[in-house]
Amino acid sequence: MTDFYKKIIENNKKWVENKLAISPDYFKNLAEGQNPPLLWIGCSDSRVPANEIIGAEPGEVFVHRNIANMVVHSDMNMLSVLDYAVNALKVKHVIVCGHYGCGGVKAAMGNTSIGIIDNWIRHIKDTYRFHQHELDAIEDEKERFNKFVEINVKEQVMDLAKTSIVQNAWKNGQELSLHGWVYGLNDGYVTDLGVNFSCDTDLDDVYQLKF
Ligand code: CO
């Protein structure tokens, strides 16, 4: 076994000991059930760990991650997570969190074939196409990349708002807010991108939203 592999098993033991030192019933309580107030849809990138950057403990955030934090309406994985979070766990918030420097978004800006992932990146390329006019007008490549990351998050929040799961929750008056964030790898801070939707939001405005 590699040193790394041994180390992570060791780390787990230490983690359990630390938790038990603070509260002997820590795992017993967690095993009773979960009641997280939040669903996190983020990028698979190893540098954007959902719980850590928002200071959440186990039990506080339900998580779905994929490359470039996409909400693809035919993705059974995402839909299952969303359905369970909204209808069973009754989360009050869903956050789509993208991040600057996202490799998936970057790849979608180019035409290099990488492999299987090309098929996933198609969805991100669609986002680019929807906003091509605005994005192509930005000459500086870094600036364009950053803007694309932000636009991609906003687009995913809108797609989330259009899912039957969220639409039905709102129709039933369920308390559920959607938010779009972008995380800075350079400084660790998240920025709220101002796409905060709830059952009070006029959906016609959402559909016609330009950014
Ligand atoms: Co990423």
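Each ligand, and each atom within it, is numbered from 1 in the order the structure gives.
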Subject >> Ion pair check, E141 and R144, cut-off under 4.0 Å >> reply: no

**OP:** Could you please tell me which protein N, O or S atoms lie under 2.8 Å from the Co ion (ligand 1)?
**Re:** C43 SG, H99 NE2, C102 SG

**OP:** Indicate yes or no for a side-chain donor-acceptor contact from K7 to the backbone of T2 under 3.5 Å, with no hydrogens or angles considered.
**Re:** no

**OP:** Check each of Q156, E155, E150 against N152 using the side chain to side chain donor-acceptor pair (under 3.5 Å) test, and report the only one that passes.
**Re:** Q156

Subject >> D136 atom CG, over 12 foreign heavy atoms within 6.0 Å >> reply: yes

**OP:** For I8, look at atom CD1 and say whether over 12 heavy atoms of other residues, nucleotides or ligands are found less than 6.0 Å away.
**Re:** yes

Subject >> Pairing residues for D45 by the side chain to side chain donor-acceptor pair (under 3.5 Å) criterion, not counting sequence neighbours >> reply: R47

